[in-house]
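Every chain is numbered from 1 and lettered A, B, ... according to where its sequence line falls, protein lines coming before strand lines. Please read these numbers as outputs of a predicted model, since none were measured by experiment.
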Amino acid sequence: MAQQAQEKYEDSYLYKIRHSAAHVMAQAVLEIFPDGKPTIGPPVENGFYYDFDLPRNLTPEDLEQIEKRMRQIVQGKHDFKKTVISAEEAKKIFVDQPYKLELIEGLEKGGLDEYGNPLNEKPEISIYQQDTFTDVCRGPHVANTKEIKPDAFKLMSVAGAYWRGDENNKQLQRLYGTAWENKKQLEEYLHQLEEAKKRDHRKLGKELEIFTFDEEVGPGLPLWLPNGGIVIEELERLAKETEEQAGYLRVKTPSVTKEDLLLRSGHLPYYAESMYPPMELEGVKYYAKPMNCPMHHKIFGSKGRSYRDLPIRLAEYGLCYRYEKSGELFGLMRVRSMQMNDAHIYVAEDQFEKEFLGVTDLYLKYFSLFGIEKYVMRFSKHGKSGLGKKYVDNERLWIKTEEMVRRAMINGNIPFVEVEDEAAFYGPKIDVQIWSAIGREFTLATNQVDFAQPARFDLKFTNRDGHDEMPLCIHRAPLSTHERMIGFLLEHYAGAFPVWLSPEQARVISITDEQNEYAESIARELRANGIRASADVSSQRMNAKIRNAQVMKIPYMIVVGKNEMEAGQVSLRVRDGSQQNGFALGEFIAKAKDRISRRTAEL
RNA sequence: GCCGACGUAGCUCAAUCGGCAGAGCGCCCGCCUUGUAAGCGGGCGGUUACGAGUUCGAUUCUCGUCGUCGGCUCCA
C-alpha cells in the first residue's frame, strides 16, 4: 500500500529486506525439498514471493514449517555475498537448475530480464549467497540476514503461477510473504488488511442489501436487490443528465444478435471463447451480445449522414453478457452480465481531438464528483508482434491513431503513461486505473479509438465536397459498468453513500407509540418532497431503532418524541453521530434537497 | 480454465476421537412505552452445498459435481 513517497521502491531499504526475505524463504523451501527447482522471487507491493517447481503441493503446515525455519536462518546472521561472474561460470553453478539456466541464457543472449522481457543492454550476471543458498540475482540485498527481523515477516499464502506468466507453461507454486522493517510495521499492515476486509464490497453489498448471487441463477450473474436498484437508477440519472448536456443521443438495442453481426464486427474470431455459446433458431446462430458497438454502428448506418450531423454520439446503458472464465469472477468487479455506461461517438478526423478530450473531461468531472483523487491514465498501444492476431492488421493506421491520441492528451495537458501491447483489437485506448480505499487497483473508465469497425461496417458520411468519407469511432465508458462502478463505490465510501446515492435517505424514528402517526406523516411528507424515507414504528426502543439505521448507514435519522410532536418539530441525527434538536421539518427538507440536487458528499 | 483453501439456520459462527446439530442476530408472538448505536420472555427456522463411497453409525474420513475465496491467466 503506502510506500514512502519520493524514493523509488527499488531503491528503498524495504525493497532490499523483502528481496532478501525471498532468498531466505527459498533456502528454507529447498532444505525441505532438495529436488525442488527455484525460479524467481522478487519483492512486490507489501511483500515478496518466490516461485518454485516442487515435487508436491505445499500445505498450510508446510508454510508454518518454512516460516519457522526462516526465523532460524535470519538469526544465523549470515552475510549476503555478491559475486559478478561470467555466463559460463553461472551455467556451471546452476547446471541442474533448468529455470535458472533459462534465466542465465536470457541474460546472456537476448538481454531478457527475469520475466522474459527485453532489456536495453546486456546486463552483468551476478550471484548472491547467504548461508547455504546461492541464487542468480541482480540484487540489491541487505548486508546480513540479521536485518530481516524474525518478528517482522509472515508467509501469507500459496498459489499457482505460470512460469513466465504464460498459461501454456508449467504451473509453479508461488509462495507469498510480507516483510517489514520491524514488528510494529508488520502489525500495522496486518491491521490494515483487517480494516480493508470491512470495506470489501462483497461484504457491504450483502449487509446493505445491494446485491446478491444465487447458485441456481449462475456464477457471475448478480441479482440487484431493491436498494441496489435505487443506486443503479441514480447512476443512470447522473449519466443521462450529463450526456444530454454533452449532446449524446439515447438508443436501445436488443440483448441477442445473429452471428453475422459479430462476424462482420470482427469480435467473433477474437473473442468467441469468452462469449456465451450460440443458440440456434431456425438454422441461424444467435449470441448474447458481449458489447453494444456493432448495434450502434448499425444505427449510425441506418440512414445517410452528412458532415453537418457529426459528431454523432449514441449512448446506451446496455446489458451485455460475457463468458468470463470461472476463476476470473470476482464479486461485482468481474461478472458475466454487466450494464455498461456505453456510448459510441462518430467523428470526422478533424473533430477527433476535441471529442476525445471531451470524453476525458467527463471522466475528470465524475472523478471529482466521487472524490477519486488517485488515478492514472494508461495509454494502451498495440504490440507489433500481435498484428493480425490480437490486433487488426494495419500498422499504418495504428501508428496514425496512436499519434492522434498522444497529441490529444498532450494538447489537453493530461498526464498519462504509455503502455505497449495492451490496446483493444480495433484501436488504441485510454484506460483509467484507479485505487479503491482498500488499495485494490482496477480499471473503471475507458476511452477507445476504433478505426477498424467503421470500415468493416462500411460507415460513411458525405463530406463538404460531396464525397463519401469514413468516420472514426470513439468507444467510451466513463462510469464503467453498474457492476464495477457500484462495487467500487461500496469500497470507496465504505458503504456510506452520499445522500443522493443512499437507497434510504432518511428514517423517521418514533420514541414511543404515541408518535407513530406523527412519524408516518413526516415520512409521507419527505417522500412527497422526493426524499427516500420510511418511518420505523416497530416496538423496539429508540436506541435499537437508531442502531439499525446507523448499521444501514442511512444519512439522516429524524427522531420524534413527545416534545417534537407538541412543538411540531423534529430532532435530526446525522450518520456521523452529530445531532440537532428543535429542527423545523421544512428546514430539514430544504437541507436534504440541497444535498441531493448538488450530489454532494456533504451531509 | 489452472494451483490451493473453504462450504453447518436468512446472517455471523460453534460442535472434543466418527456417536441425538448448537448460539447470537434476524423473523413471528407477547410484555415493556422508552430521549440519540442493541429492553425482556417465548416460538418458528437444518436433506450440515449436491451426489456417491467407507462404516453399526458420517457435519466429521474418501472420491466426484457445484459454488465461494486467495493467486495465476484473461478482461472487446
Calculate, to the nearest 0.5 Å, the distance between atoms CG and CZ belonging to A:Asn543 and A:Arg547 respectively.
11.0 Å
Strictly below 4.0 Å, heavy-atom distances to any atom of RNA chain B: list the hits from residues 555-566 of chain A, or just say none.
A:Val559, A:Gly561, A:Lys562, A:Asn563, A:Glu564
For a side-chain hydrogen bond (donor to acceptor under 3.5 Å, both in side chains) with A:Glu422, tell me which candidate from A:Lys390, A:Lys429, A:Arg378, A:His382 qualifies.
A:Arg378
Identify, residue by residue, the members of residues 330-342 of chain A with a heavy atom below 4.0 Å from RNA chain B, and return them in order of residue number, or none.
A:Phe330, A:Gly331, A:Arg334
Considering just the side-chain nitrogens and oxygens of A:Arg202, establish if one lies under 4.0 Å of OP1 or OP2 belonging to B:U68.
no
Angle between ring planes, A:Tyr426 versus A:His475, binned at 30° and 60°: parallel, tilted or perpendicular?
parallel
If you find the nucleotide of RNA chain B closest to A:Leu329 and the one closest to A:Met291, which residue's nucleotide is nearer the 5' end?
A:Leu329
Which is true for A:Ser274 with a 4.0 Å heavy-atom rule: it touches a base, it touches only sugar-phosphate, or it touches nothing?
base
With rounding to whole Å, what would you report as the distance between B:U48 and B:G35 at their C1' atoms?
45 Å
Determine the interplanar angle of the A:His297 and A:Tyr346 rings, folded into 0 to 90°, and report it as parallel if under 30°, tilted if 30 to 60°, perpendicular if over 60°.
perpendicular
Verify the contact: side-chain N or O of A:Arg547 to OP1 or OP2 of B:A38, cut-off strictly under 4.0 Å; return yes or no.
no
Distance in angstrom units between A:Glu324 CD and B:C75 P, rounded
10 Å
Between the side chains of A:Lys285 and A:Asp260, is the shortest nitrogen-to-carboxylate-oxygen separation below 4.0 Å, so that they form an ion pair?
no
Looking at A:Tyr271, does any N or O in its side chain come under 4.0 Å of the phosphate oxygens OP1/OP2 on B:C74?
no
Taking CD1 from A:Ile509 and C1' from B:A38, how many angstroms apart are they, rounded to a whole number?
13 Å
Touch check for A:Gly266, heavy atoms < 4.0 angstrom, all strands: base, sugar-phosphate only, or nothing?
nothing
Residues forming a side chain to side chain contact (heavy atoms under 4.5 Å, CB included) with A:Asn168, sequence neighbours excluded:
A:Asp166
Would you say B:A37 has OP1 or OP2 under 4.0 Å from some side-chain N or O of A:Arg573?
yes
Counting only Watson-Crick or G-U wobble pairs whose two distances fall under 3.5 Å, which nucleotide matches B:G46?
none
Quick one, A:Cys320 and A:Pro290 - any side-chain contact, counting heavy atoms below 4.5 Å?
no
Could you check which nucleotide pairs with B:C20 in any of the strands shown, counting Watson-Crick or G-U wobble with both distances under 3.5 Å?
none
If the plane angle is over 60° it's perpendicular, under 30° parallel, otherwise tilted; pick one for A:His344 and A:His296.
perpendicular
Check A:Lys562 with A:Glu514, please: is the shortest side-chain N to carboxylate O separation under 4.0 Å?
no
Quick one: look up who B:U8 pairs with, Watson-Crick or G-U, both distances under 3.5 Å, and put none if it's unpaired.
none
In whole angstroms, the gap separating C1' of B:A37 from NZ of A:Lys553 amounts to 12 Å
Determine whether the aromatic ring of A:Tyr426 stacks with the base of B:A76, defined as ring centroids separated by less than 5.5 Å and ring planes inclined by less than 30°.
no
Indicate yes or no: does A:Asp62 engage A:Arg56 in a salt bridge with an N to O separation below 4.0 Å.
yes
Please check the phosphate of B:A76 (OP1 and OP2 only) for any side-chain N or O of A:Lys429 closer than 4.0 Å.
yes
Watson-Crick or G-U wobble partner for B:U36, using a 3.5 Å limit on both distances?
none
